[in-house]
Amino acid sequence: MDTAAQHTERDRSSDEEERSRSARVPGPEGTGRDGTPEREGTDPEEPDAGGAGPSGPLTWRRTGLIGIACMVFLLLFSHFVLQPFLVPSGSMEPTLQVGDRILVNKLAYRFGDEPRRGDVVVFDGTGSFLQEQPAGNPVAGALHAAAAALGLAEPDETDFVKRVVGTGGDRVVCCDKDGRISVNGVPVRETGYVMFGDQPSRVPFDIVVPDGTLWVMGDHRSQSSDSRDHLGQPGGGMVPVDMVVGRADWIGWPFGRWSTVPRTDAFDAVPAWTASRHGHAGSTDANGNGNGDGSGSGTGGSGTAGAGAGSGRG
């Protein structure tokens, strides 16, 4: 019996079994079946190392689309609901400070309600405080309007913020023997919001507010250019109600002044106007008799008031 031949045949069968076993069992991690290192990036299920997979450019594109959508939403929200305005002057001190960003409620007067005495409002002064101005560069105007709508730039030169002192039909007179403004014959105590040390007005006037308009004044009377300064001009310093942008309800910036714009009860005792019943503005007594003398005119008895030393915008 040839033992050498038997050993040789057994060795050959063992080698073939080992090769078939190594073909079925993978090698250690990072090596091939034959023990040689695998090349990186050869797995077709993994993205290429260059970042050309779907998580690269599409992520930036998605981020850009989300940013644009947010910007459009903010612009629409500020146009129809709540718009921030930057206060550029001190004409409304102490209520509003220079640099305040107020949040103007555009829904306040949209559903039938109208501005009331004591409201702080933002309005477009074109045609009342300012003459009609020719349109400028439309592209620059659109960019500025977008920045102003987000509170990132000063408002347009035609936007003003003031306090409503008289509404349609009211007779507003300055001043009584104690130096106070009276509305429909009732003196108004304005100490809660007028700048400390300021008089209600240094120039007398006596006006009747036409229907659909407002008589407005700044709280810092000596630094405010308001309805008093436009008495002798077309419109008589009256602001049309339909030019009101909205009511200033909140101070949104800086954080240290984050609060609501204070309301006032100074006009609570003022009666409704009576011009339609008696042919003149004034208050009425218990018997319904008017005590106004009807001497006020729509242009004011004192001509153009000269109290406005500041910019008047705020």
Side-chain angles (χ1 to χ4, degrees), residues 87 90-97 100 102 108 113-123 160-209 213-229 231 237-239 247-249 251 257 259-275 280-286 290-293 295-296 300-302 305-310 312 314:
V87 178
S91 68
M92 280 296 293
E93 292 175 340
T95 305
L96 303 176
Q97 304 290 334
D100 283 352
I102 55 176
D113 199 7
E114 292 190 353
R116 303 176 182 178
R117 307 180 195 100
D119 285 356
V120 177
V121 298
V122 171
F123 60 92
F160 296 81
V161 55
K162 303 294 178 187
R163 187 180 297 274
V164 178
V165 176
T167 58
D170 286 344
R171 183 184 178 193
V172 186
V173 180
C174 183
C175 292
D176 66 5
K177 61 181 182 179
D178 296 322
R180 297 173 298 181
I181 288 177
S182 65
V183 181
N184 296 341
V186 176
V188 179
R189 293 183 57 86
E190 299 185 287
T191 54
Y193 54 81
V194 170
M195 187 70 175
F196 180 77
D198 274 6
Q199 301 175 10
S201 180
R202 290 186 293 186
V203 176
F205 57 85
D206 186 344
I207 58 94
V208 174
V209 183
T213 64
L214 305 171
W215 175 268
V216 297
M217 301 174 72
D219 289 352
H220 197 170
R221 298 289 164 81
S222 64
Q223 298 295 319
S224 174
S225 176
D226 46 45
S227 290
R228 299 169 294 170
D229 294 85
L231 282 169
M238 311 298 172
V239 177
R247 185 179 63 209
D249 282 348
I251 301 173
R257 286 180 48 76
S259 64
T260 59
V261 175
R263 300 293 181 88
T264 179
D265 58 359
F267 298 90
D268 287 355
V270 176
W273 64 282
T274 58
H280 59 271
S283 60
T284 58
D285 58 21
N291 62 6
D293 59 11
S295 62
S302 63

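In what follows, every heavy atom counts, from backbone to side chain, and hydrogens, waters and symmetry copies are set aside. The first residue of the sequence shown is numbered 1, and numbering continues consecutively from there. All figures in this text were calculated on a predicted structure; none of them were measured in a lab.
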Donor-acceptor pair, distance only, cut-off 3.5 Å: does the side chain of His220 make one with the backbone of Gly90? yes
Is any side-chain heavy atom of Pro115 closer than 4.5 Å to a side-chain heavy atom of Arg247? no
Please list, chain by chain and in numerical order, all residues satisfying side-chain contact (heavy atoms from CB on, under 4.5 Å) with Thr213, sequence neighbours excluded. Val209, Pro210, Met238
Between Val216 and Phe123, is there a side-chain heavy-atom distance shorter than 4.5 Å? yes
Please name all residues satisfying salt bridge (charged side-chain N to carboxylate O under 4.0 Å, His left out) with Asp113, sequence neighbours left out, ordered by chain then number. Arg116
Exam field: side chain Ser224 to backbone Gly218, donor-acceptor pair closer than 3.5 Å: yes
In terms of relative ring orientation, are Trp215 and Phe205 parallel, tilted or perpendicular, with 30° and 60° separating the classes? tilted
Please name the pair of heavy atoms, one in Val208 and one in Gly169, separated by the smallest distance, quoted to 0.1 Å. CG1-O, 4.2 Å
Only one of Leu214, Val270, Asp119, Val183 clears side-chain contact (heavy atoms from CB on, under 4.5 Å) with Thr167; which? Leu214
Nearest heavy-atom approach of Ala266 to Thr264 is N-OG1, 3.1 Å
Determine whether more than 12 heavy atoms belonging to other residues, nucleotides or ligands lie under 6.0 Å from atom CD of Gln97. yes
Measure from the side-chain N and O atoms of Thr260 to the backbone N and O of Pro262, and report whether any donor-acceptor pair falls under 3.5 Å. no
Value rounded to 0.5 Å, distance of CG in Asp265 from CZ in Arg117: 13.5 Å
Asp219: which residues meet the side chain to side chain donor-acceptor pair (under 3.5 Å) condition with it, sequence neighbours left out? Thr95, Arg163
Counterpart residues, side-chain contact (heavy atoms from CB on, under 4.5 Å), relative to Val173 (two or more places apart): Arg171, Ser182, Asp206
Set out, in order, the CA-CA distance, both residues' side-chain angles and the distance that settles side chain to side chain contact (heavy atoms under 4.5 Å, CB included) for Val122 and Phe160, then state yes or no. CA-CA 6 Å; Val122 171; Phe160 296 81; over 6 Å; no
Which atom pair, heavy atoms only, marks the closest approach of Pro94 to Tyr193? CD-O, 3.2 Å
Student check: side-chain heavy atoms of Val261 and Asp249 closer than 4.5 Å: no
Indicate the atoms forming the closest heavy-atom contact of Cys174 with Ser201, along with that distance. SG-CB, 3.5 Å
Report the distance from atom CZ of Arg202 to atom SG of Cys175, rounding to the nearest 0.5 Å. 12.0 Å
According to side chain to side chain donor-acceptor pair (under 3.5 Å), who are the partners of Arg180, at least two apart in sequence or on a separate chain? Asp176, Asp178
Using the test side-chain contact (heavy atoms from CB on, under 4.5 Å), find all partners of Val194 that sit at least two apart in sequence or belong to another chain. Glu190, Asp198, Arg221
Calculate, to the nearest 0.5 Å, the distance between atoms CD1 and CD1 belonging to Ile102 and Ile251 respectively. 8.0 Å
Under the criterion side chain to side chain donor-acceptor pair (under 3.5 Å), I'd like the reasoning laid out for Ser91 against Lys162: C-alpha separation, chi angles, the key distance, then a yes or no. CA-CA 8 Å; Ser91 68; Lys162 303 294 178 187; 3.2 Å; yes
